[in-house]
Structures are given as C-alpha cells and as structure tokens.
Amino acid sequence: GGALFFGGSLTKFTNNNLSFINTSANNGGAIYFNSVNDINITGIKFINNTATTNGGTLYFASTVTNVKIYDVDFDTYAGSNGGAVYFAGDNCRLENSSFKNCFIFGEGYVENGVYLSSNGGAVYWKGNNGTVKNVSFSDCSAYFIMDENSTVNTNGTNANGGAIYW
C-alpha cells in the first residue's frame, strides 16, 4: 500500500475520519490488507490515489475476511483491476459510500495462456459473500486498450464492469 500495509497476525482494524490524498503503489494505492480479519473502514476520504496494478485505493488479498466499508468517499484511478477497490477475500459489506471519477485504463494481461482485459472501473470483486447498499457510482468506467502490434484471438477482450466487476 502507498501509505499503509497491514498483514500477519493483525486480527482487527478500525479506522475513522482520515483522508488519504495522492498516494500510490503497485497494489492498494493507499492501503494494502493481507491476512487481516474484521476490518471496519468508516468516514474516510480517498482522493487521487493510484495503483499500477490492482486497487487504486484499497487492496484486500484473498486472506482477508469480514470487511465493512461505511460512509467512505472514493475519487481515484487504478491501472488494471478495481479503480478504487480490489477485493479478493470473503464477506465484504459496502454501505453508504460514493465512488466518483473512478476508472481503469488497462492494457490487459495474460493468465494461464489466456488474454484477459482489465475490469471494474470502481470495484473489482473476486471474493465471496458481498453486500452493496446505498452506494452511488458516478463517472466510473473501465477502458481496454491494446497497442497496434497486438493480436487477440479470443472473445471478451473488452473491459467489463464500469462500476463493479463481480
């Protein structure tokens, strides 16, 4: 994470009324969570945070469970998946929050020999059991580009999920 990294034996994280502005990292432009359970993120403003790969603001690894994001404002950009949030863990609740001007502008990537595009202008949701309630998305989008020397022989090369890719 560009500002904070949480991992290891941390079992509870609660954060209230902070701002993260102009942070950047490879994954999780502001905060990267790994092996953390019971996370409450409340009343935070994320402005102009970027990631070159996943989660322009927040990155939750697959080892993260039980996340509640409440009353949070996102205004951000990312490079590949999840303009604001990349969530690979289980049991996430996203409530009373807003996403604006969140987008990805990815060039896609190859995984197991298959060409995949970037997805999730605001949120890339890979984990299980999620809830989205009273959340607004404005001017969020997912773009896909290739250079002029690329050839793709597969379906589904466009980016998906301008707001959420689940």
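Atom CG of residue Asn34 and atom OG of residue Ser62 lie 7.5 Å apart, to the nearest 0.5 angstrom. We find the CG-NZ distance between Leu94 and Lys68 to be 11.0 Å, quoted to the nearest 0.5 Å. Annotation: the span from Phe46 atom CZ to Asp75 atom CG amounts to 12.5 Å, rounded to 0.5 Å. How far CG of Asn54 is from CG of Asn81: 5.0 Å, rounded to the nearest 0.5 Å. Separating the CD1 atom in Ile39 from the CD1 atom in Ile31 is a distance of 9.0 Å, to the nearest 0.5 Å. Note that CZ of Phe74 is 7.5 Å distant from SG of Cys102, once rounded to the nearest 0.5 Å.
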Tyr32 vs Asn26, side chain to side chain contact (heavy atoms under 4.5 Å, CB included): CA-CA, chis, key distance, verdict: CA-CA 10 Å; Tyr32 185 114; Asn26 187 40; over 6 Å; no

task: Take Val36 and Phe60, measure what side chain to side chain contact (heavy atoms under 4.5 Å, CB included) needs, and give me the verdict at the end.
output: CA-CA 9 Å; Val36 181; Phe60 299 96; over 6 Å; no

query: Given the rule in the side chain to side chain contact (heavy atoms under 4.5 Å, CB included) test, do Ser35 and Phe6 qualify, once you have shown the distances and angles that lead to the verdict?
result: CA-CA 8 Å; Ser35 300; Phe6 293 99; over 6 Å; no

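With sequence neighbours left out, the side chain to side chain donor-acceptor pair (under 3.5 Å) criterion links Thr65 to Asn37. Residues meeting the side chain to side chain contact (heavy atoms under 4.5 Å, CB included) test with Asn129, sequence neighbours left out: Asn91. With sequence neighbours excluded, no residue forms a ring-ring contact (aromatic ring centres under 6.0 Å, His included) with Tyr70. Residues passing the side chain to side chain contact (heavy atoms under 4.5 Å, CB included) test with Ser98, sequence neighbours excluded: Asp73, Ser136. Applying the side chain to side chain contact (heavy atoms under 4.5 Å, CB included) criterion to Asn48, with sequence neighbours excluded, gives Asn22. Judged as a side chain to side chain contact (heavy atoms under 4.5 Å, CB included), and not counting sequence neighbours, the contacts of Ile21 are Ser19, Ile47. Evaluation of the side chain to side chain donor-acceptor pair (under 3.5 Å) rule for Thr23 yields Asn49 as partners, not counting sequence neighbours.
Residue pairs meeting the salt bridge (charged side-chain N to carboxylate O under 4.0 Å, His left out) criterion with at least one partner in residues 51-60, sequence neighbours excluded, do not occur; the list is empty. Pairs of residues two or more places apart, or lying in two chains, never qualify as salt bridge (charged side-chain N to carboxylate O under 4.0 Å, His left out) while including a residue from residues 18-36. Sorted by first and then second residue, the salt bridge (charged side-chain N to carboxylate O under 4.0 Å, His left out) pairs involving residues 87-97 (not counting sequence neighbours) are Arg93-Glu95.
Nearest heavy atoms, Tyr124 versus Gly82: CB-N, 3.6 Å. In this structure, Ile69 and Leu58 approach most closely via the heavy-atom pair CD1-CD1, 4.1 Å.
The shortest side-chain heavy-atom distance between Ile41 and Phe33 falls under the 4.5 Å cut-off.
The aromatic rings of Tyr59 and Tyr86 sit parallel, their planes meeting at an angle under 30°, below the 60° perpendicular limit.
In summary, the side chains of Thr42 and Asp71 do not present any donor paired with an acceptor at a separation below 3.5 Å, with no hydrogens or angles considered.
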